[in-house]
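These notes concern the structure reproduced below.
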Amino acid sequence: MIVALAVVLDLVLSGGRVVDGTGAPWFRADVGIRGDRITAVGDLSRARARRRIELRDRMVAPGFIDMLGQSERFLLADDRVESKIRQGITTEITGEGESIAPTAPRLLVEVKPFDDRYGIRVDWSDLNGYFQRFRATLNLGTFFGAATARALVLGYGDVEANPAQIQMMQRLVGEAIEQGALGLSTALIYPPGSFARTPELIELAKVAARHGGIYATHVRGEAGTLFAALDEAITIGREARIPVEVWHLKVAGRDSWGRMKEVVARIEAARASGVDISANMYPYDAARNGLDANVPEWAHEGGTAAMIARFRDPAARARIQQELWHGGLGAETPDGIQVAAVVNPALEKYVGQRLDEIARSMGKSPEDALLDLVEADRGQTEVVRFVMSEDDVQLGLRQPWVSLGTDDPGQSTDGPFAKRRGHPRGFGSAPRLLGHYARDLKLEAVRKMTSLPARRVRLFDRGVLRPGMAADLVVFDPATVIDRATYADPSRYPEGIDVVIVNGKVVLDEGKLTAERPGRALRR
C-alpha cells in the first residue's frame, strides 16, 4: 500500500524489514515518524520527510524493553546510559526491592560511598522529585521497593511489623504508585527485605493491586530453597489478587542444575490455576550481585555499620566465616566468585580477579579476604558468580512467558564509570538474544523484548510497531548482530545495532551516539 501524507514527516526509515513486536513474521515496509509517534507504516516513497534513513535490508523493531535494569542512580552521574542504547534498549524498568524514592537520611547513609564517589547530589525525597531530576537517553519506569518501605518504617532490624507499622508501609506503597510507580517489588534474598514475612508482603501487595500495579520479585532463594520461594511468590499473587513477575529467573548452584524443567512446571501449574505469573531472564550462566550477599542474613541486621562491627568481634566473625559459602545462590567456592566492581579506589587492583587469587595476594584465607573486602568497600563490592547451567538458561528462555531483563546498569566505556568492570549482560544481553539464541539456536527474541514486557508493566503505547504508538525503535542487521562482551572483557559494545530512536529522536545514528536526551519517566 502506498501512503501519501499531506503532512511533512520528521523521519522515514526506508526499505527495511519490519518486525512489529507481536511475534508475527517480518514484512517489508517504510516507517514514518512525526514528533514522538509512529505516523505511518507502508510505502512512504511519495511522502515528504525532513530526513530519510535507508535501512538496506536491515530490520526495524520496537525499541527493546529491559524488564530489570539498575540504572536509576547511575544515570544521574552519566545520562548517556550508553551500554543500554547500543543494545537497542529504549526503556528500562528498575526498582529491585529497594527503590530510588522515597528516601530519607537513614537510607542515604547506606549509599553514601557510591554517591560521594560519583558526585551524586540527592535533592529529592519522593518519586515526583526524582522524576523531575530525571534526564537520559532512554525511558525509565520504576517499581516501589518493599525494602524501602521497611527501612523507612522499621529501620534495618529483623523485626516483625505490627498492624500500625504495616498501615504506615501500605500508605507509602499507595503514595509511590500514585506518583507513578509500576507496582510493588521485593528482593527477598537481601536484608532488610529478607526480614519481611509473607503476610506482611501480602498486605502491601493488596495496596498495589488496588492501584492497578503488579508485584515483581527477586524470590527468597534461587538454589536449594527455590521451590519454596516460588511458592511464596505464587501465594502472594493469589492472596493479593495481583499479577506476579519473577525477576531474573534462575536455577542456581550445581546441586540444583537440571531442575529448570521443574521450575517451568511449577509456574505453568500456577498459571493454569489462575495466578497471573511470568518471569524474565538474562541470557548468561553467571549471576551478579554484591559480595556482601555471602554474609549471612543475621549479620546484616542494623545496616552496614552494624555489620562491619560484627566483623571486628572475634566470636561473631568466626560464626560469619562458617556460614559464608551457603547463601541463596547455593554452595559456592572462592574460585567461582569474580570481583566485578568496587567503589573504593584502593581496591581497583582486585577487579577482574577471583576471590581465591585475591586471598593469595593478600596472604589471607578466602574467608578473611572476603570480609576485609566487604569492610574496605563498605558493602559496595559487586561480583560475578558462576552458579548456573547453560541448559537451564536455554530451557527458561524458551518459555513464551519469559521476557528479557539485564539486571545491570547502563554505563559507558569512558566517563565516570570507565574503570568499572561489570557483567557482560550489561553490554550484551539483547544482541546475545538476537544473535546467539535467536539466529543460531532458533529461540524467539523480539517479542520477548517488546510487546511481552510492555504489556506486563502496562506500557500500552510501546512495544508494538504500528501507527499511533510511541516512536521507540531499533534498527539491526539480523545477519551480523551479536554480543562482544565476555566475562574476561565485559565492557565491550555489541555489533549489528546501528540506529536507535527514543520518542522520535535519534539517539544512536548509524553507530554514533548523539547529544539527544529524549528519555521520559514512564509512570503507571
Side-chain angles (χ1 to χ4, degrees), residues 21-23 62 64-69 89 91-97 141-143 146 181-188 201-202 205 208-209 212-222 226-227 229-251 259-283 392-407 429-430 433 437-438 443-460 462-464 522 524:
T22 66
F64 302 145
I65 298 172
D66 181 355
M67 273 292 283
L68 178 59
I89 292 169
T91 294
E92 178 184 302
I93 308 302
T94 188
E96 183 190 6
T142 185
F143 282 83
L182 301 171
L184 177 73
S185 73
T186 57
L188 298 176
L201 299 175
I202 291 171
I214 74 170
Y215 173 67
T217 181
H218 176 156
V219 295
R220 204 176 289 270
E222 296 172 324
L226 170 59
F227 293 95
L230 284 173
D231 286 345
E232 179 185 38
I234 292 164
T235 296
I236 292 169
R238 180 179 292 115
E239 295 297 319
R241 301 183 65 84
I242 191 169
V244 177
E245 177 75 10
V246 178
W247 270 327
H248 45 65
L249 181 68
K250 66 175 68 68
V251 176
R259 301 194 72 183
M260 181 61 81
K261 58 182 177 297
E262 298 172 58
V263 170
V264 170
R266 186 72 57 97
I267 292 175
E268 291 280 12
R271 291 176 61 83
S273 74
V275 178
D276 182 3
I277 180 171
S278 60
N280 59 76
M281 296 177 67
Y282 44 82
D392 283 333
V393 172
Q394 287 190 30
L395 180 58
L397 288 172
R398 289 185 185 278
Q399 305 313 308
W401 36 262
V402 168
S403 57
L404 180 80
T406 69
D407 196 18
S429 287
L433 194 59
Y437 286 95
L443 272 69
E444 183 185 34
V446 172
R447 188 186 65 90
K448 289 180 174 293
M449 301 187 287
T450 55
S451 65
L452 178 60
R455 288 200 308 268
R456 195 60 180 154
V457 291
R458 300 173 179 178
L459 300 177
F460 295 120
R462 295 170 203 271
V464 176
L522 300 181
R524 180 194 58 84

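Atoms considered below: every heavy atom in the structure, side chains included; atoms not considered: hydrogens, waters and symmetry mates.
- Inter-residue side-chain proximity for Val244 and Ile234 is flagged as unmet; no heavy-atom pair is nearer than 4.5 Å.
- Here the side chain of Arg462 pairs no donor or acceptor atom with the backbone of Thr91 at under 3.5 angstrom.
- Met67 places none of its side-chain heavy atoms less than 4.5 Å from the side chain of Ser278.
- Nearest approach of Ala240 to Ile202, heavy atoms of both residues: CB-O, 3.9 Å.
- Residue Gly69 comes nearest to Thr94 through the heavy atom pair O-OG1, 3.2 Å, listed as atom of the first residue, atom of the second, then distance.
- Between Gly21 and Val446, the closest heavy-atom pair is CA-CG1, 4.2 Å.
- In plain terms, the two heavy atoms of Ile242 and Ala205 that are nearest each other are CD1-O, 3.5 Å.
- Note that CG of Leu395 and CE of Met281 are 8.5 Å apart. Values are rounded to the nearest 0.5 Å.
- A side chain to side chain contact (heavy atoms under 4.5 Å, CB included) with Val264 holds for exactly one of Glu262, Met260, Lys261; it is Met260.
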- Item | Residues Arg456, Asp276; criterion salt bridge (Lys or Arg N to Asp or Glu O under 4.0 Å); working and verdict | CA-CA 10 Å; Arg456 195 60 180 154; Asp276 182 3; 2.9 Å; yes

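- Counting heavy atoms of neighbouring residues, nucleotides and ligands inside a 6.0 Å radius, atom CZ of Arg271 exceeds 12 of them.
- Within the 4.5 Å cutoff, the side chain of Val457 has no heavy atoms near those of the Leu522 side chain.
- Side-chain contact between Pro283 and Leu404 is present, with heavy atoms from C-beta onward closer than 4.5 Å.
- Residues Glu222 and Trp247 come closest through the heavy atom pair OE2-O, 4.4 Å.
- Atom-to-atom distance recorded for Arg238:CZ and Asp231:CG is 9.0 Å, nearest 0.5 angstrom.
- Side chains of Thr217 and Thr186: a donor-acceptor N/O pair is present below 3.5 angstrom, by distance only.
- Listed for the Ser185 side chain is no donor-acceptor partner under 3.5 Å among the backbone atoms of Phe143.
- Separation of atoms NE2 (His218) and NE2 (His248) is listed at 4.5 Å; rounding is to 0.5 Å.
- The shortest side-chain heavy-atom distance between Ile214 and Arg458 falls under the 4.5 Å cut-off.
- In this structure, Val219 and Glu232 have side chains that are not in contact, with every pair of non-hydrogen atoms separated by 4.5 Å or more.
- For Met449 against Pro453, the heavy-atom pair with the smallest separation is C-CG, 3.6 Å.
- Looking only at distances, a side-chain donor or acceptor of Lys448 sits under 3.5 Å from a matching main-chain atom of Leu397.
- Rounded to the nearest 0.5 Å, atoms CG (Leu201) and CZ (Arg220) are 6.5 Å apart.
- Using a 4.5 Å heavy-atom threshold, the side chains of Ile89 and Thr406 count as touching.
- The closest side-chain heavy-atom distance from Leu249 to Ile267 is below 4.5 Å.
- The distance from atom CG of Asp407 to atom OH of Tyr282, rounded to the nearest 0.5 Å, is 6.0 Å.
- Between the CG atom in Asn280 and the CH2 atom in Trp401 there is a gap of 11.0 Å [rounded to 0.5 Å].
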